[in-house]
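Predicted model only: the values in this text are computed from it and were never measured.
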Amino acid sequence: MTLQELGTQFAGLRKANGHSQQQVAAMSGVDRTAVSRFESGRITELGFSKVERLFALYGMELAPKSRKTPTLDDLVREREWPQ
């Protein structure tokens, strides 16, 4: 997963929880401008600890994932997995 994809996923989590970027910044200690740039894909590097802190706000953690080419069955399972 790319940093841009993580940012898009995080933006969805933040909005679903009804938080503003400013609220997220205050809760996580990550600058609001960095949160904005992360969510919009306009940042090339944020740092693992900051990304981890942001996702931890919503009970999520970052985990390694295999880069193998998925099979059709893998893609179907992924689509069926609760988001």
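For the side chain to side chain contact (heavy atoms under 4.5 Å, CB included) test with Arg37, the passing option among Leu46, Asp31, Ile43 is Ile43; the others fail.
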Quiz: residues 48-58 side-chain donor-acceptor pairs under 3.5 angstrom, not counting sequence neighbours:
{"from": "Arg53", "atom 1": "NE", "to": "Ser28", "atom 2": "O", "distance (Å)": "2.9"}
{"from": "Tyr58", "atom 1": "OH", "to": "His19", "atom 2": "ND1", "distance (Å)": "2.7"}

Without placing hydrogens or testing angles, list every side-chain donor-acceptor pair under 3.5 Å for residues 69-76, not counting sequence neighbours.
{"from": "Thr71", "atom 1": "OG1", "to": "Asp73", "atom 2": "N", "distance (Å)": "3.4"}
{"from": "Thr71", "atom 1": "OG1", "to": "Asp74", "atom 2": "N", "distance (Å)": "3.1"}
{"from": "Thr71", "atom 1": "OG1", "to": "Asp74", "atom 2": "OD2", "distance (Å)": "3.2"}
{"from": "Asp74", "atom 1": "OD1", "to": "Arg77", "atom 2": "NH2", "distance (Å)": "2.5"}
{"from": "Asp74", "atom 1": "OD2", "to": "Lys68", "atom 2": "NZ", "distance (Å)": "2.8"}
{"from": "Asp74", "atom 1": "OD2", "to": "Thr71", "atom 2": "N", "distance (Å)": "3.0"}

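Remark: side-chain polar atoms of Glu39 are not paired, donor with acceptor, to backbone N or O of Ser36 under 3.5 angstrom. Counting only distance, with no hydrogens or angles, the side chain of Gln21 and the backbone of Gln23 share no donor-acceptor pair below 3.5 Å.
Crowding of Glu61 atom CD: a count of heavy atoms from other residues, nucleotides or ligands under 6.0 Å not exceeding 12.
Applying the side chain to side chain donor-acceptor pair (under 3.5 Å) criterion to Ser40, with sequence neighbours excluded, gives Arg42.
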